[in-house]
Amino acid sequence: MEFIRAVGHYTFLQYALITGLLVSVSCGIIGTYVIMRRISYIAGGIAHCVLGGLGAANYLNKVCGWSFLDPLYGAVAAALLAAFIIGFVSIRAKEREDTVIGALWALGMAVGVLFISRTPGYNEDLMSYLFGNILMVKTSDILLIATLDVVVAGAGLLLYNQFMGICFDEEFARVRGINVEFYYLLLLCLTALTVVLTVSVVGVIMVIALLTLPVAVAGHFSGTLWKIMGLSVLLSMLFTTAGLAVSYSPNLPAGATIIVVAGACYLVVTAASRLLRRRKIKRSDISS
Amino acid sequence: MPEKPVIEFDDVSFTYGGPPVLENISFALARGTFTSIVGPNGGGKSTLLKLILGLLTPDSGRISVLGGLPRRAGKRIGYMPQNLTSDPFFPVSVTDLVLMGRLCIARNFGPYTRADKEAARAALDEVQLSDIRNRQFSTLSGGQQRRALLARAIAPAPELLLLDEPTAGLDMKSEVRMNELLGRLSSRMTILLVSHNLGFVTRFTKNVICVKGTVAVHPTEEITSDLLDEVYGGNFKIVRHDHDCTGEDCR
């Protein structure tokens, strides 16, 4: 109740709530593809590269006076660059994919930490990039997030059949005339943009959790891709809102609380699903 | 003027980087034929199929499929793979799976059209899976899964149907059903199937392609035990395996 009252009073909470709901749309749609195409490790690599872009843009903004360069622009550039590099290596030399992802993962973090260390206000910025700070979202951030959200969710839905084709059976999709490499790169770019959006909510380190946990929970309740997608969006909205509400009164970090709520829900649903399955098997054994 | 062959290989060789898998292959298949490709494991059967599909490019020689390059013929080909490389529990319904056969037919992107949905429904009717069209693919039996994949292959109304081991892992009953289905389809499209199961060289088969590094095309009636000994390197006895025969010999 206290949280609901506060939302009515404080703009920063309203912005946080709106950001959480906006990001949930992209997270649910693209997260479903990430899980089905089994590229969550790639999404993790991209997320850690984002720190390099954030750190570099912030440095140029504060130290060099490039005031037009919002750190989010740096994040978008770094994420797309990482997506292209990983995508090309994955297409051209699949056996080296793991090595490249691992290298970019560490390199992105290292570059980010170096830039942040040379930028005034180091500690505060590093913590907000690593663990997110949804309560610090500004009006300009919301506009950028909403624009990216429309692009990502629009492409994800418009190209649903093509993405499902390459996620389910790449060889068959190729026979049918789909440019598999193009759609794979596009999916990585959309993943990169979703990662950037999600970083503003839960930070670089916990991006993967918000991309994958709602999908994992939804998978227990739905048998088709579009239903999983829809349910993932709703669950993401629920987790971000519930996380914000839970964190408000005891003044806990919002990003971490959102992930704990999502993780707890995942564990409970998975355990309950296993228990139900065992009971079902026992019953069918008794009746037979 | 004689009709152009549906598939034409002219002195084609292919290697995966090591020793040649297929060497100096030349053959042609006429429209409307039902052909089986047989040969030992590792003999190059699936490689031959992938060359026809344009998934692999030959090191030398020329391949023509439906009068053009294999890659350009994709929209006029139906393909049923032996195995799916995807997650076996991928959340896809039978209808959604069959609709994938209509990708890039009416539109290159966006949702499926009414024509796509009609074609998918007709394909499901053809393989008698309409009553379970909303079931999740992973929950189907092996025989039902093979028929669903066949429905996906025929959904684009192909001129050429390529099947890789269509009866792999099926029991006798499902194999008979698949046999009947292919018999029906053979009246309206050219069929080429790969099978290591010599028993599945059905009565519909007009030609048998024996693949073991090189290929030789034989009319079905010319297939003898000696020829199969030569291809497989073992002792073979020919048993005609049409399943629906009722004579004393078939018991």
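Chain letters run A, B, ... following the sequence lines, proteins first, then strands; residues in each count from 1.
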Compare every heavy atom of Cys104(B) with every heavy atom of Ile178(A), then report the nearest pair and how far apart it is. CG1-SG, 3.6 Å
Determine whether Arg152(B) and Asp169(A) make a side-chain contact, defined as any pair of heavy atoms from C-beta on separated by less than 4.5 Å. yes
Could you tell me which of Pro156(B), Gly78(B), Gly101(B) has the largest number of non-hydrogen atom pairs under 4.5 Å with chain A? Gly101(B)
Ile105(B) portion near chain A, given a 4.5 angstrom heavy-atom threshold: side chain
Nearest heavy-atom approach of Pro111(B) to Asn161(A) is CA-ND2, 3.5 Å
A side-chain contact here means heavy atoms from C-beta on lying under 4.5 Å apart; do Val92(B) and Leu225(A) qualify? no
Side-chain heavy-atom pair Pro91(B), Lys227(A) within 4.5 angstrom cut-off: no
Indicate the ring-plane relationship of Phe168(A) and Phe137(B), choosing parallel, tilted or perpendicular according to the 30° and 60° boundaries. perpendicular
Contact class of Pro70(B) relative to chain A, heavy atoms under 4.5 angstrom: neither
Please state whether the side chain, the backbone, both or neither of Arg135(B) comes within less than 4.5 Å of a heavy atom of chain A. neither
Tell me, for Tyr112(B) versus chain A, whether the close heavy atoms (under 4.5 Å) come from the side chain, the backbone, both or neither. both
Heavy-atom distance under 4.5 Å to chain A: side chain of Leu103(B), backbone, both or neither? both
What is the distance from atom CG of Leu55(B) to atom CZ of Phe172(A), rounded to the nearest 0.5 Å? 11.0 Å
Interchain contact, Arg38(A) with chain B, by part (heavy-atom threshold 4.5 Å): side chain
Quick one: of Ser93(B), Ala73(B), Gly110(B), who has the most non-hydrogen atom pairs under 4.5 Å with chain A? Gly110(B)
Heavy-atom nearest pair, Val175(A) first then Leu53(B), reads CG1-CD2, 3.8 Å
Among the listed options Lys75(B), Arg71(B), Arg72(B), the residue most often paired with chain A at heavy-atom distances under 4.5 Å: Lys75(B)
More than 12 heavy atoms of other groups within 6.0 Å of Tyr184(A) OH: yes
Nearest heavy-atom contact between Arg176(A) and Arg102(B) is CD-N, 4.5 Å
Report the C-alpha distance between Phe109(B) and Tyr183(A) in whole Å, list the side-chain angles of each, state the deciding distance to 0.1 Å, and finish with yes or no for side chain to side chain contact (heavy atoms under 4.5 Å, CB included). CA-CA 11 Å; Phe109(B) 60 88; Tyr183(A) 280 104; 4.2 Å; yes
Check whether more than 12 heavy atoms from other residues, nucleotides or ligands sit under 6.0 Å from atom CZ of Arg62(B), and answer yes or no. yes
Given heavy-atom pairs under 4.5 angstrom as the criterion, report whether the side chain, backbone, both or neither of Phe90(B) touches chain A. side chain
Using heavy-atom distances under 4.5 Å, tell me whether Ile228(A) contacts chain B through its side chain, its backbone, both, or neither. side chain
Part of Asn108(B) within contact of chain A (heavy atom distance under 4.5 Å): backbone
Would a 4.5 Å heavy-atom cut-off, applied to side chains only, mark Gln136(B) and Thr224(A) as touching? no
